Amino acid sequence: MLTSESFAFRSGESVYNSAEMRGRHVDFYSMYKRGTRDHVINTYEYDKEQVRLLSGEGKDIGNPSWKRSFPYILLAALSSFLFGYHLGVVNETLESMSHDLGFHGDTMAEDTGATNFTCLGGAFVGSLFSGLIADGVGRRRAFQLCALPLIIGSSMSATAKNLWGMLLGRLFVGTGMGIGPPVATLYVAEVSPAYVRGTYGSCSQLATCLGLMGALFIGFPAKQIEGWWRMCFWASVAPAALLTLFMEFSVESPHWLFKRGRGADAEAEFEKLLGGPYVKGAMAELSKSQRGDEADTVKLSELFYGRHRKVVFMGSSLFALQQLSGINAVFYFSSTVFKSAGVPSESANICVGIANLLGIILHQVSNLCILEYFFNCAVYTSSGSLFALVSMDKLGRKALLIASFSGMAVAMTIQATSASSLVSGSSVIYLSVGGMLLFVLTFAMGAGPVPGLLLSEMFPSRVRAKAMSICMAVHWVTSF
């Protein structure tokens with residue numbers, strides 16, 4: 001029987017325990033606010049239940065709103081848009097550019113795409129330093145440093161008087177292109193809520209596709225309007241300037257801040273990205289992921305000969321296979337290829353852009369698992385049921401890569417068949433164009449967006465920036 005004395009004793013014990021818990025909470029918060037990494041890591045040595053209590057007061061608070069982080073993802077996607085734009089800007093403008101700059105008919109300069117190759121060389125150099133820049137000055141400043149050579153190079157190309165002036169401008173542009181994609185991949189992975197990270201990671205590929213399409217559309221009048229190709233280069237200055245300006249007001253990566261010992265700043269950025277109730281849980285996860293890092297710096301020898309060599313080799317191989325698939329022949333020379341097949345380049349490039357966009361949209365939908373909803377609401381079709389079942393969240397990145405590369409192999413088989421003696425007449429054009437469009441579609445569904453997203457998830461945070469720069473360097477060498 002509960003007596004008044006025992007009741008008073010237990011009540012006092014409960015009050016004491018509650019006060020002790022509040023004291024630990026206050027102590028935890030004050031230690032955390034000191035901003036040193038050691039204090040943060042030591043303070044987070046709670047068990048999962050205590051972390052859960054601190055972050056959500058014992059209740060399931062669900063996922064943070066994606067709307068908080070989405071504007072920053074869109075801003076980061078500007079660098080991918082510029083990347084795609086500069087990949088495709090020479091496609092429609094090469095002929096008029098070669099006439100104005102005096103290298104028309106020069107096989108080395110025109111037919112082999114010297115302007116593109118120079119750009120790729122600059123991208124290789126930029127990618128080598130992207131990891132050092134991202135780790136040294138932070139993700140926001142790295143974006144701004146990426147935009148600077150894009151502005152300078154585009155201006156030089158737009159005002160070029162001869163081939164060498166154009167090549168120098170493309171070299172500057174390539175440097176910015178080399179810095180941008182690794183930084184964008186890092187930034188998106190580190191500021192995205194976990195449940196939408198795959199979708200946000202695909203936004204970079206979507207922005208690249210829109211950049212390619214934008215370059216093709218803006219380049220259409222180049223053959224009719226004298227000097228229009230210069231406007232095509234000037235047009236890219238505006239988004240690069242916007243990226244530089246708005247990154248000043250964007251959030252910094254909490255992962256980078258935490259690694260630099262700025263725990264209080266990391267907490268403030270998490271609050272902007274996720275909302276107050278999720279900050280403590282996010283910091284707990286961040287502290288757990290950083291706990292095994294003995295040092296903030298990593299030697300390159302560790303990436304080539306140490307424990308990370310296998311994952312670096314896998315990442316580099318993925319990018320090498322992506323480029324060796326032949327996708328650049330489509331994006332750089334689709335006008336020439338379709339022209340030789342008797343198809344107007346404007347129509348062909350529009351079809352390539354639409355196929356690329358459609359593939360990325362299907363990839364995005366598979367991320368969001370929305371197709372099951374449409375499958376249940378729409379008419380049963382074989383393609384609908386197939387895509388309803390093939391979801392990246394269910395099958396994973398590996399299955400999506402296998403399906404994508406398999407589809408590309410089928411598309412290349414169709415292309416090869418169209419060039420053989422087995423096919424004649426109008427069937428040649430249909431098979432050739434159809435094979436190329438199928439190739440772009442299947443590439444955009446997996447081989448295009450997945451490698452960058454996969455690597456950001458595979459690499460530990462300690463080596464992520466430098467390892468990504470090595471993989472991207474392999475990407476650019478293979479592309480060259």
Side-chain angles (χ1 to χ4, degrees), residues 79-91 108-109 112-137 142-154 156-157 163-164 166-187 204-205 208 211-212 215 236 240 300-301 303-304 309 312-333 447-448 451-452 455-456 459 463-480:
S79 67
S80 299
F81 176 86
L82 287 164
F83 172 74
Y85 186 91
H86 285 291
L87 281 180
V89 70
V90 179
N91 200 321
M108 183 58 68
T112 60
T115 54
N116 281 326
F117 291 162
T118 305
C119 191
L120 296 178
F124 168 70
V125 175
S127 65
L128 287 178
F129 294 98
S130 62
L132 293 173
I133 293 172
D135 276 345
V137 300
F143 274 117
Q144 292 175 323
L145 288 175
C146 151
L148 186 60
L150 291 175
I151 294 174
I152 296 173
S154 298
M156 293 176 67
S157 297
L163 176 61
W164 293 107
M166 171 60 67
L167 294 181
L168 185 59
R170 294 293 283 171
L171 185 65
F172 270 92
V173 165
T175 304
M177 289 171 62
I179 298 173
V183 175
T185 301
L186 284 171
Y187 186 78
S204 296
Q205 184 70 12
T208 301
L212 278 165
S236 64
L300 287 178
S301 58
L303 302 179
F304 290 109
R309 68 185 186 281
V312 171
F313 174 77
M314 290 165 58
S316 301
S317 300
L318 270 179
F319 275 118
L321 291 171
Q322 178 199 66
Q323 294 303 301
L324 289 172
S325 68
I327 189 63
N328 287 324
V330 178
F331 289 150
Y332 291 153
F333 303 111
L455 295 191
S456 66
F459 290 127
V463 303
R464 187 178 294 147
K466 292 183 177 66
M468 284 289 294
S469 69
I470 292 174
C471 293
M472 287 304 298
V474 172
H475 166 278
W476 289 116
V477 168
T478 314
S479 180
F480 184 87

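Bear in mind that the values here come from a model prediction, so they are computed numbers and not experimental data. Computed over heavy atoms, backbone and side chain alike; hydrogens, waters and symmetry mates excluded.
Leu82 CG to Thr208 OG1: the interatomic distance, rounded to the nearest 0.5 Å, is 10.0 Å. Within the model, atoms OG1 of Thr185 and CE of Met468 stand 4.0 Å from one another, a figure rounded to the nearest 0.5 Å. The line from CG of Leu324 to OG of Ser317 is 10.5 Å long, rounded to the nearest 0.5 Å. To the nearest 0.5 Å, atom CG of residue Leu318 and atom CZ of residue Phe313 are 10.0 Å apart. Atom CZ of Arg464 sits about 10.5 Å away from atom CG of Asp135, to the nearest 0.5 Å. Taking CG from Leu321 and OG from Ser325, the interatomic distance works out to 8.5 Å, rounded to the nearest 0.5 Å.
Here the shortest heavy-atom pairing between Ile327 and Gln322 reads CG2-O, 3.9 Å. The two residues Gly84 and Leu212 make their nearest non-hydrogen contact at O-CD2, 3.4 Å. Considering every non-hydrogen atom in both Ala142 and Ala134, the closest pair reads CB-CA, 4.2 Å. Of all heavy-atom pairs spanning Val312 and Cys471, the tightest one is O-SG, 3.9 Å. Contact between Ile470 and Ser316 at its shortest, heavy atoms only, is CG2-OG, 4.4 Å. Ala215 and Tyr85 make their closest contact through CB-O, 3.4 Å (heavy atoms, listed as atom of the first residue, atom of the second, distance).
Between the side chain of Ser469 and the backbone N or O of Lys466 there is at least one donor-acceptor pair closer than 3.5 Å. The main-chain N or O of His475 is never found under 3.5 Å from a side-chain atom of Gln323 such that the two would form a donor-acceptor pair.
Ring to ring, Phe480 and Phe124 are not that close: their centroids are 6.0 angstrom or more apart.
Considering only heavy atoms from C-beta on, Val125 stays 4.5 Å or farther from Trp476 through its side chain.
Partners of Phe81 under the ring-ring contact (aromatic ring centres under 6.0 Å, His included) rule, at least two apart in sequence or in another chain, do not exist in this structure.
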- request: Apply side chain to side chain contact (heavy atoms under 4.5 Å, CB included) to the pair Tyr187 and Ser79, showing each step before the final yes or no.
  value: CA-CA 11 Å; Tyr187 186 78; Ser79 67; over 6 Å; no
Which donor-acceptor pairs under 3.5 Å do the side chains of residues 168-181 make with protein atoms, sequence neighbours left out?
from, atom 1, to, atom 2, distance (Å)
Arg170, NE, Thr115, O, 3.4
Arg170, NH2, His86, O, 3.1
Arg170, NH2, Asn116, OD1, 3.4
Thr175, OG1, Leu171, O, 3.1

